[in-house]
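So you know, we letter chains A, B, ... as the sequences are listed, proteins then strands, and number each from 1. Hydrogens, waters and symmetry mates are skipped; everything else that's a heavy atom, side chains included, is used.
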Amino acid sequence: MQIRSMETDQIFMNAPHFDPVKSFECGQCFRWHQQDDGSYTGVVSGKVLHVRIKDNTILLLGTSEQEFHEFWAHYFDLCRDYAAIQGRLLTVAPWMKPAITSGDGIHIFCQNLWEVYISFIISSNNNISRISGIVETISRLFGEKISSPVPGEWYSFPQPEAMEGLSEQEWRDLNVGYRASFLVDAIQSWHSCSQEVDEILLTKRKQAAYLSSCSLQKVSGIGPKVASCIQLFGTDQRNVFPIDVWVRRAMIHFYYQQNRKVRDETIQQDALMLFGHDAGFAQQYLFYHARTHFTK
DNA sequence: CCCCAGGTAGGGT
DNA sequence: ACCCTACATGGG
């Protein structure tokens, strides 16, 4: 990874095996938006960043070299050896080749657990553009305005306290549909949920957050798929394999030889057995490949 | 009009 | 343990 800083608020970067656009588009995050010129702007932990790709170089606007090293490098997961992950995946599953080829450059971002928790409850039986729209709306209404060198109006993802008082009807008025009652329950349950994270943060020495799928699924609106997405994108657990319509199609296509009658539990078990601690990365490659190559 | 979307809950055999 | 369906909303 190479960094250089020509003027204030601006950084040039080269990183092998990191493709920001694929990473933004692989469905892990909902607050990175493409501008008309093809660049992306995102709001993360109260910070705004503008990302432009030019001549094989990544241009970052809105941050300093110090903040980049302290914050963005970790968020973009730049220290992980993705080539090694791909090598391990191909060793245990050569049929992953096409998915890895199309998804090469995807990084799994280190996102805020609370934001992931709420966003993926909204995601159930919903499409990505509408999920993004709802997340943007609640940020504008209940988040805090951010001042940034990046032109535009920006709002942070709301803190739990800012949404604690919302009634089911108020959620419905935000067009979340039947997920309104889920969200009321989820925000209520967050306290006990985050307490579990805190306890583990205190008892373990590493900066590792851990949440069990079981405890997550006690919350109404969180089933196996959403729970594993919260684990994968909101904690540092990577031995999880969220199964949605696209990943199911990809697994049926590549691994089960078109056998449509495979249960999700079976797919989950097989994937964890095969990929182990790399399961989350395998899942991202499969999801991205299916989304970009499968018509239906 | 239909079907689909990063699914889940609740009810039936 | 395994089906089946309703569920809001917007887009194709």
Legend entry - Cation-pi check, Arg249(A) onto Phe294(A) ring (under 6.0 Å, within 45° of axis): no
Legend entry - Interface with DNA chain C, restricted to residues 169-177 of chain A and to heavy atoms under 4.0 Å: Arg172(A), Asn175(A), Gly177(A)
Legend entry - Qualifying residues under ring-ring contact (aromatic ring centres under 6.0 Å, His included), relative to Trp72(A), sequence neighbours excluded: Tyr75(A), Phe76(A)
Inset, instruction - Name all residues meeting the side-chain hydrogen bond (donor to acceptor under 3.5 Å, both in side chains) criterion together with Gln188(A); count only those two or more places apart in sequence or in a different chain, and write none if there are none. - result: none
Inset, instruction - Check side-chain hydrogen bond (donor to acceptor under 3.5 Å, both in side chains) between His74(A) and all other residues, then give those that pass, not counting sequence neighbours. - result: none
Legend entry - Minimum side-chain heavy-atom gap Leu174(A)-Phe142(A) below 4.5 Å: yes
Inset, instruction - Would you grab the first and last nucleotide of DNA chain C (5' to 3') that comes under 4.0 Å of any non-hydrogen atom in chain A? - result: dC2(C) to dG10(C)
Legend entry - side-chain hydrogen bond (donor to acceptor under 3.5 Å, both in side chains) contacts in which one or both residues fall within residues 20-29 of chain A, not counting sequence neighbours: Glu25(A)-Tyr40(A)
Please table the atom pairs, donor to acceptor, closer than 3.5 Å between any side-chain atom in residues 115-124 of chain A and protein atoms at least two apart or in another chain.
residue: Tyr117(A); atom: OH; partner: Ala186(A); partner atom: O; Å: 2.8
residue: Ser119(A); atom: OG; partner: Glu115(A); partner atom: O; Å: 2.6
residue: Ser123(A); atom: OG; partner: Phe120(A); partner atom: O; Å: 2.8

Inset, instruction - Please check if the side chain of Thr292(A) supplies one atom and the backbone of Tyr288(A) the other of a donor-acceptor pair under 3.5 Å. - result: yes
Legend entry - Of all pairs that satisfy side-chain hydrogen bond (donor to acceptor under 3.5 Å, both in side chains), the ones with a partner from residues 138-152 of chain A, not counting sequence neighbours: Arg31(A)-Ser139(A)
Inset, instruction - Could you list all the side-chain hydrogen bond (donor to acceptor under 3.5 Å, both in side chains) pairs where at least one residue sits in residues 81-94 of chain A, not counting sequence neighbours? - result: Asp77(A)-Tyr82(A), Gln86(A)-Asp104(A), Gln86(A)-Tyr285(A), Arg88(A)-Asp278(A)
Legend entry - Residues in ring-ring contact (aromatic ring centres under 6.0 Å, His included) contact with Tyr155(A), at least two apart in sequence or another chain: none
Legend entry - Within residues 214-230 of chain A: residues closer than 4.0 Å to DNA chain B (heavy atoms): Val219(A), Ser220(A), Gly221(A), Ile222(A), Gly223(A), Pro224(A), Lys225(A), Val226(A)
Legend entry - Within residues 120-127 of chain A: residues closer than 4.0 Å to DNA chain B (heavy atoms): Ser123(A), Ser124(A), Asn125(A), Asn126(A), Asn127(A)
